[in-house]
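To start, the structure under review is shown below, and the notes come after it.
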Protein chains: 2
Amino acid sequence: MAVRTRGEMIAETRAKLLAAGRKAFGEIGYADASMDDFTGKVGLTRGALYHHFGDKRGLFEAVIAQIDAEMTVRLKARAAKMRTPWEGFIEEGIGYIEMALEPEIRRIVLRDGPAVLGDPASWPTTNGCMTAMKECLAELAEDGVIRDVDLEATARMLTGASCYAATWIANAEDPQAISDRATAAYRRLVEGLLREPQ
Amino acid sequence: MAVRTRGEMIAETRAKLLAAGRKAFGEIGYADASMDDFTGKVGLTRGALYHHFGDKRGLFEAVIAQIDAEMTVRLKARAAKMRTPWEGFIEEGIGYIEMALEPEIRRIVLRDGPAVLGDPASWPTTNGCMTAMKECLAELAEDGVIRDVDLEATARMLTGASCYAATWIANAEDPQAISDRATAAYRRLVEGLLREPQ
DNA sequence: GTAATATCATACGCGACGTATGTCAATTGG
DNA sequence: CCAATTGACATACGTCGCGTATGATATTAC
């Protein structure tokens, strides 16, 4: 069996705590997640958690950073597959809406996140998804595809629109049908930004 | 001194609890508000709270309903002052953004509300503000002012956009400047819905 | 006038959090 | 090679907040 160095053991402990917290936060929510409970499930105690993350909120921040990074990667990958920057932009917004359908993302990032950490735009991770959208808009503005708009303001509002659309979908009886409506409406909404109305 | 009937006393107790809860929720947030604390400040105990509202969450719902009703009245009043339905619609959206600048509304309705009660659209109050926006859109659609869009989906997304814009403003160093940018960008965004681009 | 009910207050138990302290292994320095 | 120190956790304890069960008081009903 491999000799495990000290550094590896520590990294493993951190990873275990992160995974356990993420699971608990995603399944029963931040407020109801007991630290004694989910640390115990991976053979640890609150002592390890306080040592590595300071407190419950610190662990939550780390979980959010992890999820946010994953989301950014996925969005970029989706957008890169499209032919034009404009289509890539649309795809990113729709991708955001669809990802928000996943219970873990909805619960942790969209629901509890703002309540526990405050404004998403000022999270330690700087919310990769929102900055990605802003960069996308900047490129479109440079190429003259969209009208002259306030990039940051527009990116923030579109992110908000996506979130609310996602919440709507997630609470619907027929999520797929609502998802179709939401993405279509989103497309219509952002098409209003185009310089040349198609 | 007026003889206070029993019914009046009860109503007064309810109102006291509602006001105390609203104040505490608005100032320190739902999670950190101690029921023993804020009920004591109006000369009552948790016993009264459990009797009238069931539990902490029940009181929170009542507080949200109260604030939401106030917001709806204010928005309607603002919109009614404008000349055209379209201007009224714009005014409602901007009004929503501006109201979200008030700490109490941001904290209770926008931040803790979704975390505690879930999807705003399915709150007991049915979120007066969102339905107001939907009605506004319906009228504009009938008059042919805006393009053919999904009313509900659009209303939800615009509400989300307003919320995120408001959060942005509220966390800025110069809220007034950001407010100007946000409202301008909002105007640009919804102008994309117009049938005739101006 | 008495029974019943509504309106609250009080007492209690439970769970969760945060801190303070302890323990053990690993590293460092001579 | 051995002591001293540091880091990585576990354990114990105090505190606080919630929910429930119980009790007291006043009003209403009959």
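On a predicted model such as this, the values are computed, not experimentally measured, just so you know. Letters go in sequence order (proteins before strands), and every chain restarts at 1. Note: hydrogens, waters and symmetry copies are ignored here, and every other heavy atom, side chains too, is used.
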Query raised in the report: How many Å lie between CG on A:Asp32 and C1' on D:dC18, as a whole number?
Result: 12 Å
Query raised in the report: Which part of the nucleic acid does B:Ala33 contact within heavy-atom distance under 4.0 Å: base, sugar-phosphate only, or nothing?
Result: sugar-phosphate
Query raised in the report: Would you say B:Arg195's side chain and B:Arg147's backbone share a donor-acceptor pair under 3.5 angstrom?
Result: no
**Report entry** Where B:Leu101 and B:Ser179 come nearest, the two heavy atoms and their spacing
**Finding:** CD1-OG, 4.4 Å
Requested in this report: Measure from CG on A:Asp55 to P on C:dT19 and round the result to the nearest Å.
Outcome: 8 Å
Report summary line: Between CG of B:Leu17 and C1' of C:dA9 the distance, given in whole Å, is 13 Å
Requested in this report: For B:Gly54, answer base if it contacts any base atom (sugar-phosphate contacts may also be present), sugar-phosphate if it contacts only those atoms, and nothing otherwise; contact means non-hydrogen atoms under 4.0 Å.
Outcome: nothing
Query - B:Tyr50 side chain near D:dG19 phosphate (N/O to OP1/OP2, under 4.0 Å) - result: yes
Requested in this report: Please work out whether the ring planes of A:Phe25 and A:Tyr30 are parallel, tilted or perpendicular, with thresholds of 30° and 60°.
Outcome: tilted
Query raised in the report: So what does B:Gly43 hit on the nucleic acid, given a heavy-atom distance under 4.0 Å: a base, only sugar-phosphate, or nothing?
Result: sugar-phosphate
Query raised in the report: Within this structure, what is the CE-to-P distance between B:Met9 and D:dT27, rounded to whole angstrom?
Result: 9 Å
Query - Nearest-angstrom distance from the residue atom CG of A:Asp37 to C1' of C:dC14 - result: 15 Å
Query raised in the report: Within the structure, does a side-chain N or O atom of A:Lys56 lie under 4.0 Å from either OP1 or OP2 of C:dC17?
Result: yes
Query raised in the report: Which heavy atom of A:Ala48 sits nearest a heavy atom of A:Thr13, and at what distance?
Result: CB-CG2, 4.5 Å
Requested in this report: Return yes if some donor-acceptor pair links the side-chain N/O of B:Arg188 with the main-chain N/O of A:Asp148 below 3.5 Å, else return no.
Outcome: yes
Query raised in the report: For B:His51 and C:dT7, is the shortest distance between a side-chain N/O and OP1 or OP2 below 4.0 Å?
Result: yes
Report task. Could you check how far CG of B:Asp36 sits from P of C:dC12, rounded to whole Å? Result -> 15 Å
Query raised in the report: Think B:His52 has a side-chain N or O under 4.0 angstrom from the OP1 or OP2 of C:dC8?
Result: yes
Report task. Send over the distance from B:Leu49 CG to D:dG17 C1', rounded to a whole Å. Result -> 13 Å
Query raised in the report: Which is true for A:Ser34 with a 4.0 Å heavy-atom rule: it touches a base, it touches only sugar-phosphate, or it touches nothing?
Result: sugar-phosphate
Query raised in the report: What about B:Arg46: does its side chain form a donor-acceptor pair under 3.5 Å with the base of D:dG17?
Result: no
Query raised in the report: Which of these nucleotides, C:dC8, D:dA8, D:dA10, is closest to any side-chain atom of B:Ile10?
Result: C:dC8
Query - Shortest side-chain distance from A:Met35, nucleotide among C:dT7, C:dG18, D:dG19 - result: C:dG18
Query raised in the report: In whole angstrom, what separates A:Leu59's CG from C:dC17's P?
Result: 11 Å
